[in-house]
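To start, the structure itself, in structure tokens.
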Amino acid sequence: VQLQASGGGLVQAGGSLRLSCAASGNIFSINNMGWYRQAPGKQRKLVAVINSGGGTNYADSVKGRFTTSRDNAKNTVYLQMNSLKPEDTAVYYCNADKIYLAAGQYEYDYWGQGTQVTVSS
């Protein structure tokens, strides 16, 4: 199983970016999929999480600006980021907490490679 994140880049404050994270492998389903971010010198923090039924939770700092969604058929999670601020600058990581494999097994806690988001003022 692999998670591949994409969509980061450089954007001016007030702009938008959309991140994607696709899980590949012999996957039957995925429980929660989340986005985390880590700014230089700081701990990695949860940004948003979405469960298999589409229920979502967000960090207070991004509520009303970021939206996460997923396509279960494609094992892909998205993060639409609007009204970006310089303090959103970080490496963004996607996470799958519990993956059910087609063979009837399951694995825990997979991470994507991270994608850099830089917001200039």
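Being a predicted model, the structure only gives us computed values, none of them experimental.
Checking side-chain atoms of Ser69 against main-chain N and O of Tyr78 turns up no donor-acceptor pair under 3.5 Å. Remark: side-chain polar atoms of Arg70 are paired, donor with acceptor, to backbone N or O of Asn51 under 3.5 angstrom. Thr115 places a side-chain N or O within 3.5 Å of a backbone atom of Gly8 that can act as its donor or acceptor partner. No donor-acceptor pair closer than 3.5 Å links the side chain of Ser61 to the backbone N or O of Ala59.
The cluster map of Ile, Leu, Val, Met, Phe, Trp and Tyr, joined by side-chain heavy atoms under 4.5 Å apart, puts Val62 and Leu79 in the same cluster. Put simply, Val11 and Val91 are part of two different groups of oily side chains (I, L, V, M, F, W, Y) that touch within less than 4.5 Å, one to the next. Note on Val77 and Tyr93: separate hydrophobic clusters, where clusters join Ile, Leu, Val, Met, Phe, Trp and Tyr whose side-chain heavy atoms are under 4.5 Å apart, directly or indirectly.
Using a 4.5 Å cut-off on side-chain heavy atoms (C-beta onward), Thr89 and Gln116 make contact. Side-chain contact between Thr68 and Trp35 is present, with at least one heavy-atom pair separated by less than 4.5 Å. With a 4.5 Å cut-off on side-chain heavy atoms, Tyr110 and Ile99 count as touching.
Counting only residues at least two apart or on different chains, the salt bridge (Lys or Arg N to Asp or Glu O under 4.0 Å) pairs with a member in residues 76-95 are Arg37-Asp88, Arg65-Asp88. The disulfide (SG to SG under 2.5 Å) analysis of residues 45-77, with sequence neighbours excluded, yields no pairs.
Of the inter-residue distances, the one linking Lys98 atom NZ with Tyr108 atom OH reads 3.5 Å to the nearest 0.5 angstrom. Taking CG of Leu17 as the reference point, atom OH of Tyr92 lies at 9.0 Å (rounded to 0.5 Å).
Looking at every heavy atom in both residues, Ser121 comes nearest to Ala13 through CA-CB, 4.4 Å. When all heavy atoms are compared, the tightest approach of Cys94 to Ala5 is SG-CB, 4.1 Å. Shortest non-hydrogen contact noted between Thr67 and Tyr58 is CA-OH, 3.4 Å. The two residues Ser52 and Asn72 make their nearest non-hydrogen contact at O-ND2, 3.1 Å. Minimum heavy-atom separation, Leu3 to Gln113: O-OE1, 3.7 Å.
Taking the ring-ring contact (aromatic ring centres under 6.0 Å, His included) definition, one finds that Tyr100 meets it with nothing, sequence neighbours left out. With sequence neighbours excluded, the residues satisfying ring-ring contact (aromatic ring centres under 6.0 Å, His included) with Tyr36 are Trp111. The salt bridge (Lys or Arg N to Asp or Glu O under 4.0 Å) test applied to Lys45 returns no partner, not counting sequence neighbours.
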Donor-acceptor pairs under 3.5 angstrom involving side-chain atoms of residues 19-33: please list them, not counting sequence neighbours.
from: Asn32; atom 1: ND2; to: Asp97; atom 2: OD2; distance (Å): 3.0

Full working for side chain to side chain contact (heavy atoms under 4.5 Å, CB included) between Glu107 and Leu101: CA-CA 8 Å; Glu107 297 185 357; Leu101 303 178; 3.7 Å; yes
task: Please step through side-chain hydrogen bond (donor to acceptor under 3.5 Å, both in side chains) for the pair Asn82 and Ser16, ending with a clear verdict.
output: CA-CA 4 Å; Asn82 298 328; Ser16 298; 2.9 Å; yes
